[in-house]
Student: 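I have a structure I would like to understand better, so I am pasting it below and will then ask my questions one at a time.
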Amino acid sequence: MCGRYTQRQSADAIAKQFQLKTVPDSPPRYNIAPTQLIAAVTQPKPSSQRRFRVFQWGLVPFWVKDASLGAKPINARAETVAQKPSFRAAFRHRRCLILADGFYEWQRVGSAKQPHFFHLQDDQPFAFAGLWEQWESPQNEILETCTILTTEANEVVRPVHRRMPVMLHPDDYDQWIDPSLNVSSQLLPLLRPYPADEMAAYPVSKKVNRVSSDRPECIEPLPAE
DNA sequence: CCAGACGTTGTT
DNA sequence: GTCTGG
DNA sequence: CCAGACGTTGTT
DNA sequence: GTCTGG
């Protein structure tokens, strides 16, 4: 699963990395949590330029009656995303890149839970595979939301947790957000565990547990006892 | 036909 | 125990 | 994902 | 909106 992550890059770095014209400035984020606004990239039309977007984390399908009620999935299983009623329309038509550079998973140790931080060895930014939706209230207010796909854990994550977010390979970015693509057989192969030998991990303090703690201390390695 | 659900994780 | 909010 | 609330009446 | 269960 993936319920917290980081996005510490500057607007300039994001613009360069993801080939975007303009990216609004925002502070580095060390503890992004569900329900918050997060940065993403879409491609509106097959030939159009990529577009920087902001979505609320937690998917609200377009057909729900009341967006204030019910579960708002923060993750969708890659294995079933093409079939599930809550996801399949977005899977076909509204895929996005969710901008990130690290994520947290919690390991059960008896009854306690120990958070761990995962990132690329070179600490470069990457993109989660995401889906987004647009929901319109009876008062015609627009709510744009998203969810992060998950897959089975690779060798780096497995000791901590069974599942991990889908980190897309940069070569697959274009294909994932290409709105003219809607064939499962071409999309599902992109949703595989990221190569473990390019990742690194270490335990961190429980400061990350608290949503209000969005600070560099969240990613500091836990001192050995 | 209508009513009700539509999700993930982990734990039992 | 379960739901909501961040 | 975790933390925190989980209730009513009436008053400020 | 669409599928499942009754």
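Here is the naming used below: chain letters follow the sequence lines, and residue numbers restart at 1 for every chain.
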Student: Quote, to the nearest angstrom, the C1' distance that separates dC6(B) from dG5(C).
Tutor: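 dC6(B) and dG5(C) have their C1' atoms separated by 22 Å.
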Student: Is the Y104(A) ring parallel, tilted or perpendicular to the W106(A) ring (thresholds 30°, 60°)?
Tutor: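 Judged by the thresholds at 30° and 60°, the geometry between Y104(A) and W106(A) is tilted.
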Student: Which nucleotide, if any, forms a Watson-Crick or G-U wobble pair with dA5(B), using both distances under 3.5 Å?
Tutor: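 In the structure as shown, dA5(B) has dT2(E) as its Watson-Crick or wobble partner.
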Student: Below 4.0 angstrom from OP1 or OP2 of dG10(B), is there any side-chain N or O of H161(A)?
Tutor: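 Checking dG10(B) against H161(A), a side-chain N or O does come within under 4.0 Å of OP1 or OP2.
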Student: May I ask you to verify if any side-chain N or O of R77(A) is less than 4.0 angstrom from the OP1 or OP2 atom of dT8(B)?
Tutor: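 False: R77(A) side-chain N/O out of range (4.0 Å or more) of dT8(B) OP1/OP2.
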Student: Between R210(A) and dG4(D), does any side-chain N or O lie under 4.0 Å from OP1 or OP2?
Tutor: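 The answer is yes; a side-chain N or O of R210(A) sits under 4.0 Å from OP1 or OP2.
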Student: Measuring only the C1' atom in each nucleotide, how far is dT2(E) from dG10(B)? A whole number of Å is fine.
Tutor: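 Rounded to whole Å, the distance is 29 Å.
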Student: Expressed in whole Å, how much space separates the P atoms belonging to dA5(B) and dA5(D)?
Tutor: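 It works out to 29 Å between them.
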Student: Can you tell me how far P in dT9(D) sits from the matching atom in dG4(B), rounded to whole Å?
Tutor: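 dT9(D) and dG4(B) have their P atoms separated by 29 Å.
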Student: Taking 4.0 Å as the cut-off, does a side-chain nitrogen or oxygen of T150(A) come that near to OP1 or OP2 on dT9(B)?
Tutor: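 Looking at the OP1 and OP2 atoms of dT9(B), one of them is under 4.0 Å from a side-chain N or O of T150(A).
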Student: Could you state the CD-P distance from E136(A) to dG1(E), rounded to the nearest angstrom?
Tutor: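 After rounding, the reported distance stands at 13 Å.
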Student: Report yes or no: is the cationic atom of R95(A) (NZ for Lys, CZ for Arg) closer than 6.0 Å to the six-membered ring centre of W132(A), at no more than 45° off its axis?
Tutor: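 The answer is no, since R95(A) fails at least one limit relative to W132(A).
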Student: Under 4.0 Å, counting only non-hydrogen atoms across every strand here, what does T147(A) touch: a base, just sugar-phosphate, or nothing?
Tutor: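 No contact at all - T147(A) keeps every heavy atom at 4.0 Å or more from the nucleic acid.
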Student: Verify the contact: side-chain N or O of T80(A) to OP1 or OP2 of dT8(B), cut-off strictly under 4.0 Å; return yes or no.
Tutor: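 The answer is yes; a side-chain N or O of T80(A) sits under 4.0 Å from OP1 or OP2.
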Student: With a 4.0 Å cut-off on heavy atoms, is L59(A) in touch with a base, just the backbone sugar-phosphate, or nothing at all?
Tutor: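 L59(A): no heavy atom of the nucleic acid under 4.0 Å.
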Student: In terms of the angle between their ring planes, are Y202(A) and H119(A) parallel, tilted or perpendicular, with boundaries placed at 30° and 60°?
Tutor: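 Y202(A) and H119(A): perpendicular rings.
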Student: What nucleic acid atoms does F62(A) come within less than 4.0 Å of, heavy atoms only: base, sugar-phosphate, or nothing?
Tutor: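 The answer is sugar-phosphate, as F62(A) gets under 4.0 Å only of primed atoms, P, OP1 or OP2.
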Student: Give P73(A) one of three labels, base, sugar-phosphate or nothing, depending on what nucleic acid heavy atoms sit under 4.0 Å from its own.
Tutor: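 Sugar-phosphate only.
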Student: For dG7(B) and K72(A) - does any side-chain N or O of the residue sit under 4.0 Å from the phosphate oxygens OP1/OP2?
Tutor: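 No, because none of the side-chain N or O atoms of K72(A) sits under 4.0 Å from OP1 or OP2 of dG7(B).
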Student: Knowing that exactly one of I177(A), I98(A), L190(A) qualifies, which makes a side chain to side chain contact (heavy atoms under 4.5 Å, CB included) with L168(A)?
Tutor: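 Answer after filtering I177(A), I98(A), L190(A): L190(A).
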Student: Under 4.0 Å, counting only non-hydrogen atoms across every strand here, what does K84(A) touch: a base, just sugar-phosphate, or nothing?
Tutor: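 Result for K84(A) = sugar-phosphate.
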Student: Would you indicate what K206(A) reaches in the nucleic acid, counting non-hydrogen atoms under 4.0 angstrom: base, sugar-phosphate, or nothing?
Tutor: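 Result for K206(A) = nothing.
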